[in-house]
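The block underneath contains the structure these notes are about, expressed in structure tokens.
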Amino acid sequence: MRVTEKGQVTIPKDIRDRLRIGPGSEVDFVADEKGARLIVVSGGKAAEPDDFEAWLKSRSGTFNTGGMTGDEYVEWLRGPRDDLGSD
């Protein structure tokens with residue numbers, strides 16, 4: 001790779017795909033004793049998977065609600081509602 005006059009480099013497509021780096025992703029370069037490493041800080045919009053079922057399966061179990069159901073978690077997250085009267 002060559003560095004442009006602005007200090008920019010192009011990350012090869014196979015590496016972008018492997019690390020799920022897409023438009024809007026944030027990356028950082030960290031210097032170490034071997035040179036520099038690319039660190040993915042946050043993912044952006046990666047390319048849409050060809051197989052929705054495979055994507056869905058890859059997401060399974062990625063969120064831990066601490067044993068709460070979805071409704072319980074949303075209620076915990078939002079906190080008590082103050083717009084309801086006590087009848």
Side-chain angles (χ1 to χ4, degrees):
M1 285 180 256
R2 291 192 196 270
V3 178
T4 68
E5 289 183 22
K6 291 183 177 184
Q8 298 169 330
V9 295
T10 299
I11 303 168
K13 183 173 180 356
D14 60 324
I15 293 175
R16 293 191 317 261
D17 290 346
R18 182 175 178 192
L19 298 178
R20 303 182 67 95
I21 298 171
S25 294
E26 292 184 37
V27 298
D28 197 4
F29 291 94
V30 178
D32 62 18
E33 62 281 348
K34 294 181 180 179
R37 293 181 292 137
L38 171 72
I39 305 294
V40 179
V41 177
S42 68
K45 290 194 163 218
E48 291 294 319
D50 292 334
D51 182 2
F52 179 74
E53 292 298 323
W55 175 84
L56 188 60
K57 185 181 274 188
S58 75
R59 295 283 152 291
S60 177
T62 60
F63 187 73
N64 181 358
T65 62
M68 292 183 267
T69 66
D71 289 337
E72 290 169 335
Y73 181 77
V74 169
E75 186 176 330
W76 171 83
L77 187 63
R78 290 180 177 162
R81 292 189 57 178
D82 58 359
D83 62 332
L84 300 176
S86 56
D87 290 356

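Both backbone and side-chain heavy atoms feed into the values below; hydrogens, waters and symmetry mates do not. Since the model is a prediction, treat every value here as computed from it, not as a measurement.
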- Answer whether the closest heavy-atom distance between the side chains of F29 and L38 falls below 4.5 Å. yes
- Counting only heavy atoms not in E75, do more than 12 sit closer than 6.0 Å to its CD atom? no
- Message: With a 6.0 Å cut-off (strictly less than), is the heavy-atom count around CG of D28, excluding the residue itself, greater than 12?
- Response: yes
- In sequence, state the C-alpha distance, the side-chain angles, and the governing distance for V27 and L19, and then conclude on side-chain contact (heavy atoms from CB on, under 4.5 Å). CA-CA 11 Å; V27 298; L19 298 178; over 6 Å; no
- Task: For V9 and M1, work out which heavy atoms get closest and say how close.
- Result: CB-SD, 4.3 Å
- Item | Trace of the salt bridge (Lys or Arg N to Asp or Glu O under 4.0 Å) decision for K13 with D17 | CA-CA 6 Å; K13 183 173 180 356; D17 290 346; 2.8 Å; yes
